[in-house]
Colleague: 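Can you read through this structure? Questions will come right after.
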Amino acid sequence: KQEVTQIPAALSVPEGENLVLNCSFTDSAIYNLQWFRQDPGKGLTSLLLIQSSQREQTSGRLNASLDKSSGRSTLYIAASQPGDSATYLCAAHGSSNTGKLIFGQGTTLQVKP
Amino acid sequence: NAGVTQTPKFQVLKTGQSMTLQCAQDMNHEYMSWYRQDPGMGLRLIHYSVGAGITDQGEVPNGYNVSRSTTEDFPLRLLSAAPSQTSVYFCASSYSDRGGFDAFFGQGTRLTVV
């Protein structure tokens with residue numbers, strides 16, 4: 001059974017700092033690894049999608065990497081801003097053609113001005 | 001495009017009542033799914049569908065029914081609401097492209113059962 005874990009559960013950093021959020025999964029037979037952002041009381045917004053054949057994806061100040069062999073993904077946020085404060089969720093797309101996602105519990109990020 | 005639309009946004013039910021949470025997508029996605037989000041538990045899969053007429057159970061299906069009569073709609077039915085079903089419910093749709101999937105989420109339905 002696929003399990004996804006995110007560490008740390010919460011993180012507080014000063015503005016401008018570079019930071020890394022970690023995601024680990026137990027079954028390396030995944031299709032994709034997707035990172036989402038969730039603001040309080042809101043839905044999920046997709047940030048980056050890494051296909052199983054890829055090693056990383058970049059969007060602006062965000063860079064996500066995927067290492068299937070070690071069961072790890074990281075989300076790197078460069079030059080953090082107060083507007084980055086949110087909960088970040090990683091989710092593994094399963095190995096079968098179902099569209100199912102297995103989520104980690106999220107990392108809640110606070111960026112202080 | 002509207003994307004994934006969930007209604008209602010908020011709902012209060014009494015124990016034992018039934019209701020249907022609506023989910024519609026206009027992206028012609030083949031896959032749709034329902035999740036519930038609880039504090040400290042993350043998002044857990046309730047039911048999912050791989051196409052019209054095909055549904056299956058996820059991790060926490062008890063107390064919920066689904067159907068998929070069209071590609072666009074995937075309603076979630078609570079048969080007899082219980083306080084344990086107090087949660088935020090998210091509907092998602094996704095498609096397969098070049099061996100990968102991409103998922104899109106609705107804004108959620110916040111349900112309270114008293």
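By convention in this document, chain letters (A, B, ...) are assigned in the order of the sequence lines, proteins followed by strands, and residues within each chain are numbered from 1. These numbers were taken from a predicted model, which means no experiment stands behind them.
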Colleague: Does A:Leu101 reach the side chain of B:Leu45, with side-chain heavy atoms less than 4.5 Å apart?
Modeller: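 Not touching, per the 4.5 Å side-chain cut-off.
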Colleague: Should B:Phe105 and A:Lys42 count as side-chain neighbours, where that means a heavy-atom distance under 4.5 Å?
Modeller: no
Colleague: I'd like to know whether CZ of A:Arg72 has more than 12 heavy-atom contacts from other residues, nucleotides or ligands below 6.0 angstrom.
Modeller: no
Colleague: Out of B:Val50, B:Val88, B:Leu43, which one racks up the most heavy-atom pairs below 4.5 Å with chain A?
Modeller: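 Greatest number of close heavy-atom pairs with chain A: B:Leu43.
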Colleague: Enumerate by number any residue of residues 53-60 of chain B whose heavy atoms lie under 4.5 Å from heavy atoms of chain A; in the absence of such residues, state 'none'.
Modeller: B:Glu59
Colleague: Check whether B:Gln6 gets within reach of chain A through its side chain, its backbone, both or neither, counting any heavy atom under 4.5 Å.
Modeller: neither
Colleague: Is chain A contacted by the side chain of B:Arg110, its backbone, both, or neither, given a heavy-atom distance below 4.5 Å?
Modeller: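 When you check distances to chain A, only side chain atoms of B:Arg110 fall under 4.5 Å.
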Colleague: Are B:Phe104 and A:Leu44 close enough, and set up right, to give a side-chain contact (heavy atoms from CB on, under 4.5 Å), and what steps lead you there?
Modeller: CA-CA 8 Å; B:Phe104 299 81; A:Leu44 280 68; over 6 Å; no
Colleague: A:Ser46 and B:Ala103: which non-hydrogen atoms are nearest, and at how many Å?
Modeller: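 Minimum heavy-atom contact is CB-O, 4.3 Å.
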Colleague: Considering only heavy atoms, which portion of A:Leu89 lies under 4.5 Å from any heavy atom of chain B: side chain, backbone, both, or neither?
Modeller: side chain
Colleague: Side chain, backbone, both or neither: which part of A:Gln54 has a non-hydrogen atom closer than 4.5 Å to chain B?
Modeller: neither
Colleague: Does CZ belonging to A:Arg55 count more than 12 external heavy atoms closer than 6.0 Å?
Modeller: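 For A:Arg55, atom CZ is not crowded (no more than 12 foreign heavy atoms under 6.0 Å).
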Colleague: Just how far is it from atom CZ of A:Phe103 to atom CD of B:Gln37, taken to the nearest 0.5 Å?
Modeller: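 The CD atom of B:Gln37 is 8.5 Å from CZ of A:Phe103, to the nearest 0.5 Å.
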Colleague: Between OG of B:Ser94 and CD of A:Gln34, what distance do you get to the nearest 0.5 Å?
Modeller: 8.5 Å
Colleague: Which heavy atom in A:Gly43 sits nearest to a heavy atom in B:Gln107, and how many Å separate them?
Modeller: N-OE1, 3.4 Å
